[in-house]
Amino acid sequence: MQATSTIDAGRTRVRLTRSAGLALCVALLGVAVVASLALGTRQMSWLTAIEALIAYDDQLADHIVVRAQRLPRTVIGVLAGAALGVAGAQMQGLTRNPLAGPGILGINAGAALFVAFGIFQLGMESITVYAWMGLLGAAVTAVVVYLIGETGGRSHSPIRLVLAGAAMTGLLSSATTAILLLDVATLDQFRFWVVGAIAGRDADIAKQVTPFIVVGLLIAAATPRSLNAIAMGDEVARALGTNLGRDRALVITSVVCLAGAATAAAGPIAFVGLAVPHVARAIAGPDYRWIVPLSALLGASLLLGADVVGRFIVQPGELQVGIVTAFLGAPVFVAVARSSRVSDL
Amino acid sequence: MTASAAVAAPGAGRAALEQARSSRRRASVRLTALLVVLLCGALVASLSLGAASASFADLVPVLLGDADEDTAFVIERLRLPRATTAMLVGASFGLSGALFQSMVRNPLASPDVIGVTAGASAAAVLSIALLDASVVFVSVAAVVGAAVGATLTYGLAFRRGRTSTVRIVLVGVGVAAGFNALTAYALTRADIINAAEAQAWLAGSLNGADWEDVRAVALMALFVAPAVAIASWQLRAIELGDDLANLLGAGAERSRAWIVLAGVVLAGGATAIAGPVAFVAFVSAPIARQLARSSTALVASALVGAILVTSADLAGRIVFDPNELPVGVLTGILGAPYLLWLLTRLGSISAR
């Protein structure tokens, strides 16, 4: 009797922590969205910003700024942040490796190489073209890594995938470096893409990447149970009736859609996908049905919050979101890592 | 009859165990010998190939001391120090990667897991990009950066007087992210000439390596040798996890401190000399483990690192002649396909 009530009390506490965490993350994201719409070089009240969305008046300069500039970049920030958070959580779950992130399939390196090549050989200059190039590079690389990591060799092991991804990253980064060293003009454009930014992204890019992210999120919503099973080890997962090959392929498809689209829209931002799932795990425990949505909310809040802060640090001009994300996120993440709640996978 | 079988069984088991052990030992000696031969081959090739006229046939007179002045200069002053530096730097990266990967029991680990490379890179790039610093200053900055990165990570991983593997790994991720952001910031703020120079440093290069560099790396190796010896001694216990290591009397905390010290000095020193030569620290240990089919292969990792960097530097010098690609570009291009090939070929993969 005593034991049962203790367990019940424990369960209630876990449920409370999770619900409170979820509510807090939703609130955080709400604040970040409103701040992203209202704050910047052109100051306005948050009421004006919201008005611009629901009662648009094309005579008002404030409304035009919100609709034309801040809304697309806010949408991209939310989508890319959520995508990176979810992709990171899925990769860590799939490989059972706390050092895995969305980039572990070679996605960032592939996108970077294609963009560098596009600037160097094809003379590309617009961010929209970079986005397509990045998406293509991410997809091609991920397929190659998947083929080597999942289907090569005689027996399956998550380590094979992890090593294949890391080796591919090394190979492609070397090629990128070679291009950058050969041509200073390419470096001059590439260095601003590679830090990661969502400034100056227009509605076209948002429209371009949204379908990929939506598909990725839909698949991600269907897979947390498989990730929970995989977390217990391949044998146990199989014994529980999980179709491992199919589920792994699904998760990887989702990660490629999410991380590829996020990288295409915002550049290779590694830290969000690596760090956010650990914070989500510290809040919610080892259950991926909670980790995945929390990672989405936290990733979006972090990226958007960093973007807003970046508008004010360096005047005039802006600090790129990729840099601010790490500057703001790293101390928080270190603090979380030092807390006793953080756990191994 | 049954009694005698029962008596015989343990003896037979022990004999089989002995046999398995000695065959493994023989295999590891064979592998080491093979790697040493390969390394010697890479060294000889580095000394005899290149733009200048010195060739393989010139090596012997140079070593005997009766070669003409030009040939002697090319080999003794240019190629020999460069090849020696390549070998030592490669061995240092390979060894430090193997130490860290074994310690944190994660094949994705590298010296960067403790913030060494990120710290060194940030300091070096800041001093190149914003201060327009000299080569020596950049090297010193890199050493300081590596020390700061490692101290921050290791220090912040302490909680109530103890570290843990997970905390080191995660704190390292955070610290490295902070430093990498600093590097990216410096690269976007610098004017393009300095940015290009910083990018070249980040690729890692042995261009212009001289006897001074050899002396520096050798000194570092001498200094770090005792720590490596102690670390390798305790690595097997640490690999079993903290609780078991403590149970075995290995003292997990103290062992970890030795391993961190050895790995940081190796990686930091090598980075200061050659820049963060991409990929060597990560790739050497997995290749060595695949070849040795054992969980820790420190000697083999060091040799693989040395072979990789020596041959990558050689390839960078001669393949694109008269241009030269820095060693860090070639290490990835040579090392990665080999690891990928190993991955598709071999059935079993050892985790550490």
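Side-chain atoms are counted along with the backbone in the values below, which use heavy atoms only and exclude waters and symmetry mates. Throughout, protein chains are lettered first and strands after them, A, B, ... in sequence-line order, and every chain is numbered starting at 1.
- For chain B, the nearby parts of A:Leu171 are the backbone and the side chain; heavy atoms of each come within less than 4.5 Å.
- More than 12 heavy atoms of other shown residues, nucleotides or ligands fall within 6.0 angstrom of atom CG in B:Leu130.
- Both the backbone and the side chain of A:Ile323 come within less than 4.5 Å of a heavy atom of chain B.
- For the atom pair B:Leu340 CG and A:Ile148 CD1, the distance stands at 4.5 Å (nearest 0.5 Å).
- The ring of B:Phe282 has its center closer than 6.0 angstrom to the ring center of B:Phe279.
- Heavy-atom distances place both the backbone and the side chain of A:Ala166 under 4.5 Å from chain B.
- In this view, A:Asp307 and A:Arg73, A:Arg311 satisfy the side chain to side chain donor-acceptor pair (under 3.5 Å) rule, not counting sequence neighbours.
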Check: residues 189-197 of chain A side-chain donor-acceptor pairs under 3.5 Å, at least two apart:
residue, atom, partner, partner atom, Å
A:Gln189, OE1, A:Tyr130, OH, 2.5
A:Arg191, NE, A:Asp188, OD1, 3.1
A:Arg191, NH1, B:Leu187, O, 2.7
A:Arg191, NH1, B:Ala190, O, 2.9
A:Arg191, NH2, A:Asp188, OD1, 2.8

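- The contact between B:Tyr185 and chain A is made by backbone and side chain atoms together, counting heavy-atom distances below 4.5 Å.
- Interface with chain B: from residues 100-109 of chain A, residues A:Ala100, A:Ile104 qualify, criterion being any non-hydrogen pair under 4.5 Å.
- Using a 4.5 Å cut-off between heavy atoms, B:Leu339 touches chain A through its side chain atoms alone.
- Under the 4.5 Å side-chain criterion, counting only non-hydrogen atoms from C-beta, A:Asn97 is not in contact with A:Gln92.
- A distance of 11.0 Å separates CD1 of A:Ile313 from CD of A:Gln320, quoted to the nearest 0.5 Å.
- Residue contact with chain A, scored on non-hydrogen atoms closer than 4.5 Å, is absent for B:Tyr338.
- Residue pairs meeting the salt bridge (Lys or Arg N to Asp or Glu O under 4.0 Å) criterion with at least one partner in residues 184-197 of chain B, sequence neighbours excluded, do not occur; the list is empty.
- Side-chain contact between A:Thr141 and A:Leu172: present, with at least one pair of heavy atoms (C-beta onward) separated by less than 4.5 Å.
- If you measure heavy-atom distances from B:Leu182 to chain A, the contacts under 4.5 Å come from both the backbone and the side chain.
- When side chains are defined from C-beta on, B:Phe179 counts as touching B:Leu152, because their heavy atoms get closer than 4.5 Å.
- Both the backbone and the side chain of B:Val171 come within contact range of chain A, each with at least one heavy atom under 4.5 Å from a heavy atom of that chain.
- No other option in B:Thr331, B:Asn180, B:Ile333, B:Val329 has as many heavy-atom pairs under 4.5 Å with chain A as B:Val329.
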